[in-house]
Amino acid sequence: LLLGKLSDKKVNKELEKLYDLLHSSPAKSINSVKNIEIDVSNRIDELEVLIRMKDAENAIDICKDIISLVEERNSILKSSH
């Protein structure tokens, strides 16, 4: 949805990484990751605003933050099994 909205190649590369990570993440959730999931959702909202504002630099930073959060979530889910 956001991919390609900016012509900045670095932003699009980070968005692709984020998309791939989200796409490959477990759909199942547990209580211990709920706050992380809320943070991810809020950051995605922020990312949408930054992309609409064509703020490539901050969009890249938010992408990286989201990727870290999703990786943390996935790690917790993986260790809970």
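Any value given below was found using the heavy atoms of this structure, including those in side chains, with hydrogens, waters and symmetry copies removed.
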Note to self: Quick check against the 3.5 Å criterion: does R43 have a side-chain atom that pairs as donor or acceptor with the backbone of I67?
What the structure shows: no
Note to self: Could you report the tightest heavy-atom contact between L69 and I36, atom names first, then the distance?
What the structure shows: O-CG2, 3.4 Å
Next item on the list: Determine, stepwise, if the pair V11 / C63 fulfils side-chain contact (heavy atoms from CB on, under 4.5 Å).
Entry: CA-CA 8 Å; V11 172; C63 274; 5.6 Å; no
Check: Looking at CZ of R73 and OG of S25, how far apart are the two atoms once the value is rounded to the nearest 0.5 Å?
Finding: 6.0 Å
Check: How about D61: does its CG atom have over 12 heavy atoms from other parts shown lying under 6.0 Å from it?
Finding: yes
Check: Charged N to carboxylate O under 4.0 angstrom, E14 versus K17?
Finding: yes
Check: Any side-chain heavy atom of D65 sitting closer than 4.5 Å to one from D39?
Finding: no
Notebook entry, point to check: Hey, mind stepping through D55 and E57 against side-chain contact (heavy atoms from CB on, under 4.5 Å) and telling me if it holds?
Noted result: CA-CA 6 Å; D55 185 345; E57 185 176 326; 4.2 Å; yes
Next item on the list: Using atom types as modelled and distance alone, determine if a side-chain donor or acceptor of S75 lies under 3.5 Å from a backbone N or O of E71.
Entry: no
Margin query: Do E46 and N58 have side chains that approach each other closer than 4.5 Å (heavy atoms only, starting at C-beta)?
Written below: no
Check: Are more than 12 heavy atoms from other residues, nucleotides or ligands located less than 6.0 Å from atom NZ of K34?
Finding: yes
Next item on the list: Treating Ile, Leu, Val, Met, Phe, Trp and Tyr as nodes and any side-chain heavy-atom pair under 4.5 angstrom as an edge, say whether L21 and L47 lie in one connected cluster.
Entry: yes
Check: Is any side-chain heavy atom of N74 less than 4.5 Å from a side-chain heavy atom of P26?
Finding: yes
Check: If Ile, Leu, Val, Met, Phe, Trp and Tyr residues are connected whenever their side-chain heavy atoms lie under 4.5 Å apart, and connections chain through other members, are I38 and L22 in the same group?
Finding: no
Next item on the list: First locate atom CD1 of I60, then atom CG of N12, and finally report the distance between them rounded to the nearest 0.5 Å.
Entry: 9.5 Å
Checklist line | Considering all heavy atoms, the nearest L77-K28 contact | finding: CD1-O, 3.6 Å
